[in-house]
Amino acid sequence: PRIATSLITRCANDGDWRRAEEVFFATEAVGVEHNTYTYSALINAYARGRQLGHALELFRRMKAAGVTANVVTYSTLITACEKTGQWERALETFAVMTEAGVVANLTTFNSLISACEKGAQWEQALEVHTWMLRQGLVPDVYTFSALISACEKGGQWELALQLYKRMQDAGVEANVVTYSALISACAKGGQPAKAEIVFDLMRAKGVEPNTTTYNAMICAWDKGGRLDRALVALSEMQAARLQPDTITYSSLISACEKAGELQMALRLFAQMMDQGVPANSITYSSLLEVAGASGEQEKAVQIYDWAFSAGLYAN
RNA sequence: UGAAAUAAUAACCCCGU
């Protein structure tokens, strides 16, 4: 079973859930007796492959075979629910786990909060947070980052900032993910000035912004109608030797719409192509919107052709 | 070298409020 677990885990990490499954059944056919570890490993492979149905089916098979599900098994199942956007199922799984007398740990709760966050259930995420406190568990940076992200998705930027304060009071050190989530929360709330304060604060704390951080900041300037500041952020990012990606350019192009800057949008697109950054359907849609907002029909048709040539079809 | 390693970023549309 140990060798089977290693092999299954390797397949899971490669994102190949079919091979993981093959290994599981092939080893079983050869007489390997699967246990909690092997079952959990395959459930994890299914989770990573977004195969919730298979994961739940295997879980039933596991119980039928008399193999004990432990905290890792349940946490992995919760992660499978999270990855497929099934927050209700995640909560159900948690309830089943509790009924079975299995005690949740920090990872279990963090996964559950993440499931609520992905399902845009910020209130539920905060509720789960109170459950974990009641269990005497100490929230870590993952907990707070997931909670802040949940607030971001729920449009609760003030709450996100409050959570950051609570995090500091608790002595939990915020990292680049936490700060990026905070900036994103401010961006979504239409608070670019607040986002900038957070951005400056993180640097003052010695946390280096990465591409995601800059992208969130550029999004904030876009939402605030500040193309000028978004462009400044791009040059800062390049000065920091961070490679702008598809999201960076798509956000910048989007920021050109409100400013009616089709020329700038086209320049950014050219720069993007020049640097070998792949454009996707969102990039082209954004570009089309800029052209549309500028009333440039011929240009819009041309952009549509570019997208088509790039193998992207209208949706 | 047996299992969960759990957290962050883009446009539009839709849906609700």
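Values below: all heavy atoms of this structure, side chains included; hydrogens, waters and symmetry mates excluded. We name chains A, B, ... by the order of the sequence lines, and we start the count at 1 in each one.
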Tell me whether [X] at atom [atom1] has more than 12 heavy atoms from other residues, nucleotides or ligands lying less than 6.0 Å away.
X: E33(A); atom1: CD; value: no
X: R61(A); atom1: CZ; value: yes
X: R229(A); atom1: CZ; value: yes

Does [X] make a side-chain donor-acceptor contact with the base of [N], cut-off 3.5 Å?
X: N105(A); N: rA4(B); answer: yes
X: N175(A); N: rA7(B); answer: yes
X: N35(A); N: rA3(B); answer: no
X: N110(A); N: rA5(B); answer: no
X: N280(A); N: rA10(B); answer: yes

Is the phosphate of [N] approached by [X] (side-chain N or O, under 4.0 Å from OP1 or OP2)?
X: K188(A); N: rA8(B); value: no
X: K153(A); N: rA7(B); value: no
X: N44(A); N: rA4(B); value: yes
X: K223(A); N: rA11(B); value: yes

May I ask you to say what [X] touches in the nucleic acid, namely base, sugar-phosphate or nothing, with a heavy-atom cut-off under 4.0 Å?
X: S250(A); value: base
X: D245(A); value: nothing
X: E257(A); value: nothing

Atom-to-atom span, [atom1] of [X] to [atom2] of [N] - whole angstrom:
X: I218(A); N: rA10(B); atom1: CD1; atom2: C1'; result: 10 Å
X: I247(A); N: rU9(B); atom1: CD1; atom2: P; result: 9 Å
X: I3(A); N: rA3(B); atom1: CD1; atom2: P; result: 13 Å
X: R10(A); N: rA5(B); atom1: CZ; atom2: C1'; result: 17 Å
X: E196(A); N: rU9(B); atom1: CD; atom2: P; result: 21 Å
X: E33(A); N: rG2(B); atom1: CD; atom2: C1'; result: 16 Å
X: L288(A); N: rC13(B); atom1: CG; atom2: P; result: 14 Å
X: K118(A); N: rU6(B); atom1: NZ; atom2: P; result: 9 Å

Using a strict cut-off of less than 4.0 Å between a Lys/Arg side-chain nitrogen and an Asp/Glu carboxylate oxygen, indicate whether D14(A) and R19(A) qualify as a salt bridge.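 A salt bridge is absent here (no side-chain N lies under 4.0 Å from a carboxylate O).
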Hey, is R267(A) close enough to E261(A) for a salt bridge, meaning N to O under 4.0 Å?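 E261(A) and R267(A): not salt-bridged.
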Tell me which nucleotide among [options] gets nearest to the side chain of [X].
X: I282(A); options: rU6(B), rA3(B), rA11(B); answer: rA11(B)
X: S111(A); options: rU6(B), rG2(B), rA11(B); answer: rU6(B)
X: T38(A); options: rA7(B), rA11(B), rG2(B); answer: rG2(B)
X: A41(A); options: rA10(B), rC12(B), rA3(B); answer: rA3(B)
X: T107(A); options: rA4(B), rA10(B), rG2(B); answer: rA4(B)
X: R2(A); options: rA7(B), rG2(B), rA3(B); answer: rG2(B)
X: C219(A); options: rA4(B), rU9(B), rA8(B); answer: rU9(B)
X: T212(A); options: rU9(B), rA7(B), rA10(B); answer: rU9(B)

Would you call Y74(A) and F94(A) a side-chain contact if the rule is heavy atoms closer than 4.5 Å?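 Answer no - side chains too far apart.
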Hey, are the side chains of F24(A) and Y39(A) touching, using non-hydrogen atoms and a 4.5 Å cut-off?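 Counting from C-beta outward, F24(A) and Y39(A) do come under 4.5 Å.
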